[in-house]
Number of protein chains: 2
Amino acid sequence: MPQTADRCAGPSPWSSREAELLAVTLRLLQQHGYDGLTVDAVASEARASKATVYRRWPSKAELVLAAFSEGVRQVAVPPETGTLRGDLLQIGETICQHGRLNAGTIRAVLVEVSRHPALRDALQHQFLDQRKAAIQHILRQAADRGEIDESAIGDELWDLLPGYLIFRSIIPGRPPTRRTVQALVDDFILPGLARSSGYQAS
Amino acid sequence: MPQTADRCAGPSPWSSREAELLAVTLRLLQQHGYDGLTVDAVASEARASKATVYRRWPSKAELVLAAFSEGVRQVAVPPETGTLRGDLLQIGETICQHGRLNAGTIRAVLVEVSRHPALRDALQHQFLDQRKAAIQHILRQAADRGEIDESAIGDELWDLLPGYLIFRSIIPGRPPTRRTVQALVDDFILPGLARSSGYQAS
């Protein structure tokens, strides 16, 4: 794995056997959806005992969240295109692809997380913290290159790009496309980020 | 009801008795969540027979979607503040309030809609079409006043404001606030909409 991935996404918190179980879980989720997934099927497909799975992830919801987060972590290699626009487009397209594959899981995870405080902490630490670090890393590099002002890196709207694209992935009928990402980056994100650096006349 | 509400949100498609049943449903949803809601409880609270409820809404999911859409329709009075910024802030704050009250329902509706094509059509016609019309009405008024260019009114990102705010409402731990709406409108939406009218130097 390239060093850049480790730097932002962090090393895998799982043993190779655990990572294997999570990969099986994610594949079965994409095939059968959250409702259709059973811990039995995961154990059988991975040739593990149910007890092994439950020892590490005491509920189906925890297993699913871990599988989802690990799947995102693996594809979330921070882009190094050399420009802010290039980096944002690449992140956006990765989110679209991931959203297309995992829309059902994302919907189910949102419901489960709202019911279980422990899952909420897991989502925060296994997933959201890394994503925020990755985006802020890209913005900081852009500030270092003089593309935007430091002050454009805020806490309030750091997830505007992923948040809107995930919204589009989980509502029916309008999955985001490359065109969505381009319009979002070129028409709103870049003008917004450039604004505080004085590029804008008004 | 003021005429402005009728113009964009459309008149209620329900009889007054049906509207009463939907109001009871929405209140019970806000109290007990999607899982805790039963058609029995709605019928009993509204002093109706279960058959009456099922005749109009053959499944709990359809009843919930109708109640949710009707709840939004009633509060979705198109703002007439006289400025694009004022209109967007007002829409944004209404969405935040509605999102806070109905986060659990929105999550459940997204799951149910993904399972049932008929619900998807209902969401489209009872809800999304009206919301799109309301936002495009505001943008068209702003174009008439010369605040933005006609070309800023596109099909791809018309729901950037509501979409991101709904995303923030349904993820754990970061419900959108007045500050979120202001930053979104002032730092991204307005600079993005103004961009095509030549306000921006670059």
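First the proteins, then the strands, lettered A, B, ... as listed; each starts at 1.
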Between Asp87(B) (side chain only) and Thr81(B) (backbone N and O only), is there a donor and an acceptor less than 3.5 Å apart? yes

Donor-acceptor contact present, side-chain Glu45(B) to main-chain Val42(B), <3.5 Å: no

Can you name the residues of residues 20-41 of chain B that have some heavy atom under 4.5 Å away from a heavy atom in chain A?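 Listed by number: Asp35(B).
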
When heavy-atom pairs shorter than 4.5 Å are enumerated against chain B, which of Arg168(A), Glu156(A), Arg107(A) gives the highest number?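 Heavy-atom pair counts peak at Glu156(A).
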
When heavy-atom pairs shorter than 4.5 Å are enumerated against chain B, which of Arg179(A), Arg120(A), Arg174(A) gives the highest number? Arg174(A)

Is Val111(A) in contact with chain B via its backbone, its side chain, both, or neither, using a 4.5 Å heavy-atom distance?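 For Val111(A), backbone and side chain are both near chain B.
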
At a 4.5 Å cut-off on heavy atoms, which part of Leu123(A) comes close to chain B: side chain, backbone, both, or neither?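 Looking at Leu123(A), just its side chain touches chain B.
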
Please classify the contact between Asp121(B) and chain A as side chain, backbone, both or neither, with a heavy-atom cut-off of under 4.5 Å.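 Contact with chain A is absent: no heavy atom of Asp121(B) under 4.5 Å.
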
Could you tell me the separation between the [atom1] atom of [X] and the [atom2] atom of [Y], rounded to the nearest 0.5 Å?
X: Leu88(B); Y: Gln182(B); atom1: CG; atom2: CD; answer: 12.5 Å
X: Glu112(B); Y: Lys60(B); atom1: CD; atom2: NZ; answer: 8.0 Å
X: Arg55(A); Y: Lys50(A); atom1: CZ; atom2: NZ; answer: 14.0 Å

Partner set under ring pair (Phe, Tyr, Trp, His ring centres under 6.0 Å) for Phe188(B), not counting sequence neighbours: none

For Ile153(A) and Gln136(A), run side chain to side chain contact (heavy atoms under 4.5 Å, CB included): C-alpha distance rounded to whole Å, both residues' side-chain angles, the deciding distance at 0.1 Å, then the answer. CA-CA 7 Å; Ile153(A) 308 172; Gln136(A) 295 198 324; 4.2 Å; yes

Pairs of heavy atoms under 4.5 Å with chain A: top-ranked of [options]:
options: Thr180(B), Asp186(B), Asp187(B), Thr177(B); result: Thr180(B)
options: Leu119(B), Leu160(B), Val113(B); result: Leu160(B)
options: Gly104(B), Gly173(B), Ala103(B), Gly154(B); result: Gly173(B)
options: Ile170(B), Leu110(B), Ile189(B); result: Leu110(B)
options: Ser114(B), Ala108(B), Gly163(B); result: Gly163(B)

Contact summary for Ala122(A) and Leu65(A), nearest pair of heavy atoms: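 In terms of heavy atoms, the two residues are closest at CB-CD2, 3.6 Å.
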
Is the CZ atom of Arg178(B) crowded by more than 12 outside heavy atoms at less than 6.0 Å?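 12 or below, so no.
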
Check the side chains of Gln97(B) and Thr94(B) for a donor-acceptor pair under 3.5 angstrom, ignoring hydrogens and angles. no

Donor-acceptor side-chain pairing of Tyr164(A) and Asp159(B) below 3.5 angstrom: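 Yes, a side-chain donor-acceptor pair sits under 3.5 Å.
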
